[in-house]
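Take a look at the structure below.
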Amino acid sequence: MRAPTLADHMRQIVFFFIITILTSCSESLESRLQKFLGKGNEALANKNFDQAAAYFEESLALDPCFLDGLNNLGTTYFRQQKFEQALEFYNKSIECDPNYLDAYFNRANTFYELKEYYSALKDLESLQSGKPDTAIVHFTKGLVYTRLRDFQAAKQSFVNAYRLKNDVEYLVNKANVLYYLKEYDSAKLDLEIARATKPDEPNIYNTLSLIATDEKDYDQALIDINKAISLLPNEPYFINNRGYIYLIQGDLENAETDINNSISADPSNGWAYRNKGLFYLMKEDYANAERLLTQALDMDPFIDKIHFYLGMAYLKNNKQSQACEQFELSEQAGDAMMTTSLLKLCK
């Protein structure tokens with residue numbers, strides 16, 4: 001056997017030196033990634049969105065598949081309601097690691113905001129396969145099913161969520177679904193349990209107001225919705241709901257004020273445009289009624305009674321065939337608003 005030479009020792013030293021450099025570089029890269037991540041997270045927490053995005057982009061310049069950087073950059077855009085841009089980075093996260101569950105959840109929420117409900121469900125199903133006992137996954141599925149008007153599936157999802165975690169928000173959303181299913185007594189029972197746990201939760205009173213409205217107890221409905229607004233002033237959904245109660249009572253002046261204020265606060269709420277369309281129907285301004293109701297339908301096809309009200313606008317504008325199409329959709333949606341005369345008209 002040949003004895004080691006000085007050259008052999010030198011090669012060994014050089015080899016170990018290279019390993020040390022590589023290890024040092026690897027640690028240095030990780031350190032830099034974490035530095036940019038930490039600074040980005042701090043900026044995001046302070047709502048300095050441009051600064052946060054810049055830090056996360058710095059991390060991705062070092063490693064284009066740095067999952068936390070991709071995910072958090074998506075969240076930076078999501079928080080600004082730039083959902084298409086958020087989706088781009090959540091997609092990239094999943095391309096880099098198909099098992100990165102956080103990105104699936106965030107992408108599901110983004111699909112929800114983009115009204116791509118079936119895509120949201122697909123991601124949530126993937127999450128549920130990996131984390132079957134995660135309450136927030138069941139809760140989010142309930143929200144999606146509610147938007148799809150699959151109220152039985154939504155109800156079961158909220159039941160599953162509440163079974164895993166006794167959260168008042170889960171219980172109130174279950175009560176909302178029971179309201180849509182017209183199971184008013186069960187909804188009230190859930191809301192009383194929620195109120196006993198968290199009496200200052202405004203959504204409890206909003207849902208109680210919706211139930212009272214359906215039961216034609218408009219005085220109680222106003223008491224409940226005003227309680228909700230007192231707990232969460234300027235909430236556009238609550239203000240819009242109060243506007244709807246005023247519409248039913250024929251108080252068009254207060255209705256218009258509330259509905260306009262709701263639209264100003266949140267121009268993306270299709271329900272407010274529905275109510276504004278209904279306002280114009282009651283004012284016999286049928287052209288504007290059709291315009292607003294069509295806009296509401298384009299914004300959200302799952303708005304309650306939207307097809308019936310749009311059908312009435314078409315009918316008043318002498319568009320009988322279009323009216324009958326909407327009335328048929330209203331019946332399919334279970335609105336139960338059609339009168340005998342309207343049914344005969346569309347035979």
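Keep in mind it's a predicted model, so treat the numbers as computed, not measured. Index from 1, following the sequence.
Looking at Asp97, its side chain never comes within 3.5 Å of a backbone N or O of Ser93 through a donor-acceptor pair. Distance alone, capped at 3.5 Å, is enough to place a donor-acceptor pair between the Gln80 side chain and the Thr76 backbone. With Thr339 contributing its side chain and Leu342 its backbone, the two residues share a donor-acceptor pair below 3.5 Å. Looking only at distances, no side-chain donor or acceptor of Arg291 sits under 3.5 Å from a matching main-chain atom of Gly277. In this structure, Ser31 contributes its side chain and Ser28 its backbone to no donor-acceptor pair below 3.5 Å. Asn173 contributes a side-chain N or O that, together with a main-chain N or O of Glu169, makes up a donor-acceptor pair within less than 3.5 Å. Between the Asn226 side chain and the Leu222 main chain, a donor and an acceptor come within less than 3.5 Å of each other. A donor-acceptor pair under 3.5 Å links the side-chain atoms of Tyr273 to the main chain of Pro267, judged by distance alone. Side chain of His138 to backbone of Pro132: a donor-acceptor contact under 3.5 angstrom is found. In this structure, Ser59 contributes its side chain and Phe56 its backbone to a donor-acceptor pair below 3.5 Å.
Counting only heavy atoms from C-beta outward, the side chains of Leu297 and Leu293 never approach each other to under 4.5 Å. Residues Tyr170 and Val159 fail the side-chain proximity criterion, which asks for heavy atoms closer than 4.5 Å. Taking the side chain as every heavy atom from C-beta outward, Ser262 and Phe238 never approach each other to under 4.5 Å. Using a 4.5 Å heavy-atom cutoff, the side chains of Arg149 and Asp304 are in contact. Looking at Ile94 and Tyr100, their side chains never come closer than 4.5 Å, going by heavy atoms from C-beta outward. Residues Arg163 and Asn160 form a side-chain contact, since some pair of their non-hydrogen atoms from C-beta on lies under 4.5 Å apart. With contacts defined as side-chain heavy-atom distances shorter than 4.5 Å, the pair Leu44/Phe49 qualifies. You'll find the side chain of Phe111 stays beyond 4.5 Å of the side chain of Tyr117, heavy atoms only.
Asp68 and Asn71 form no side-chain donor-acceptor contact under 3.5 Å, judged by distance and modelled atom types alone. Side-chain N/O atoms of Asp224 and Asn206 include no donor and acceptor closer than 3.5 Å. For the 3.5 Å distance criterion, the side chains of Gln34 and Glu30 qualify, holding a donor opposite an acceptor. A donor-acceptor contact under 3.5 angstrom links the side chains of Asn41 and Asn72, judged on distance only. A donor-acceptor pair shorter than 3.5 Å cannot be found between the side chains of Asn261 and Asp258. A donor-acceptor contact closer than 3.5 angstrom links the side chains of Tyr90 and Thr75. Side chain to side chain, Lys276 and Asn260 meet the donor-acceptor criterion of an N or O pair below 3.5 Å.
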Test Glu215 against Lys188 for salt bridge (Lys or Arg N to Asp or Glu O under 4.0 Å), laying out the working first. CA-CA 12 Å; Glu215 293 180 333; Lys188 288 178 188 177; 3.2 Å; yes
Apply ring pair (Phe, Tyr, Trp, His ring centres under 6.0 Å) to the pair Tyr280 and Tyr286, showing each step before the final yes or no. CA-CA 6 Å; Tyr280 281 123; Tyr286 302 125; over 10 Å; no
Evaluate the salt bridge (Lys or Arg N to Asp or Glu O under 4.0 Å) criterion for residues Glu183 and Lys155: first the C-alpha distance (whole Å), next the side-chain angles of each, then the deciding distance (0.1 Å), finally the verdict. CA-CA 11 Å; Glu183 298 179 21; Lys155 175 182 172 181; 3.4 Å; yes
Stepwise side chain to side chain contact (heavy atoms under 4.5 Å, CB included) test for Arg274 and Tyr309: CA-CA 8 Å; Arg274 183 208 70 170; Tyr309 293 135; 4.0 Å; yes
Could you go through the side chain to side chain contact (heavy atoms under 4.5 Å, CB included) check for Tyr218 and Ile248 one step at a time? CA-CA 9 Å; Tyr218 302 125; Ile248 294 172; 3.2 Å; yes
For a salt bridge (Lys or Arg N to Asp or Glu O under 4.0 Å) check, start with the C-alpha distance between Glu284 and Lys316, then their side-chain angles and the critical distance, and finish with the verdict. CA-CA 9 Å; Glu284 299 183 1; Lys316 295 295 185 179; over 6 Å; no
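Residues Ser209 and Ile225 share a closest heavy-atom pair of OG-CB, 3.4 Å. For the pair Ile303 and Ala296, the tightest heavy-atom approach, listed with the atom from each and the gap, is CD1-O, 3.6 Å. The nearest pair of heavy atoms linking Asp190 to Leu171 is O-CD2, 3.4 Å. Scanning both residues, Ala289 and Leu281, for their nearest heavy atoms gives CB-N, 3.7 Å. Across every non-hydrogen atom of Gln85 and Phe89, the tightest pair is O-CD1, 3.2 Å. Of all the heavy atoms in Leu67 and Cys96, the pair that sits closest is CD2-CB, 3.8 Å.
Atom-to-atom distance recorded for Asn317:CG and Tyr314:OH is 9.5 Å, nearest 0.5 angstrom. For the atom pair CG of Leu310 and OG1 of Thr294, the computed distance is 4.5 Å after rounding to the nearest 0.5 Å. With rounding to the nearest 0.5 Å, the separation of CG in Leu143 from CG in Leu148 is 11.0 Å. To the nearest 0.5 Å, atoms OG1 (Thr134) and NZ (Lys165) are separated by 11.0 Å. We find the CD-NZ distance between Gln156 and Lys141 to be 10.0 Å, quoted to the nearest 0.5 Å. The structure places CD of Gln220 at 11.0 Å from CD1 of Ile211, a figure rounded to the nearest 0.5 Å.
The environment of Asp50 atom CG is sparse: at most 12 non-hydrogen atoms of other residues, nucleotides or ligands sit within 6.0 angstrom. With a 6.0 Å radius and a threshold of 12 heavy atoms from other residues, nucleotides or ligands, Asn234 has its CG atom at or below the threshold. Counted within 6.0 Å of CD on Glu125, heavy atoms from surrounding residues, nucleotides or ligands total more than 12; the atom is thus considered enclosed. Crowding of Gln332 atom CD: a count of heavy atoms from other residues, nucleotides or ligands under 6.0 Å exceeding 12. Shown here is Lys122, whose NZ atom has no more than 12 heavy atoms of other residues, nucleotides or ligands within 6.0 Å. Heavy atoms from other residues, nucleotides or ligands lying under 6.0 Å from NZ of Lys305 number more than 12.
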Please tabulate, for side-chain N and O atoms in residues 197-204, each donor-acceptor pair with protein atoms closer than 3.5 Å (sequence neighbours left out).
| unit_1 | atom_1 | unit_2 | atom_2 | d |
| --- | --- | --- | --- | --- |
| Thr197 | OG1 | Ile193 | O | 3.1 |
| Glu201 | OE2 | Asn203 | N | 3.0 |
| Glu201 | OE2 | Asn203 | ND2 | 2.8 |

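Relative ring orientation between Phe308 and Phe327 is described as tilted, the plane-to-plane angle lying within the 30° to 60° band.
A distance below 6.0 Å separates the ring centres of Phe158 and Phe139. Taking the ring centroids of Tyr145 and Phe151, they lie at or beyond the 6.0 Å cut-off. Ring to ring, Phe83 and Phe78 are close: their centroids are under 6.0 angstrom apart.
Checked options Glu331, His307, Lys319; the residue passing with Gln326 is His307 (criterion: side chain to side chain donor-acceptor pair (under 3.5 Å)).
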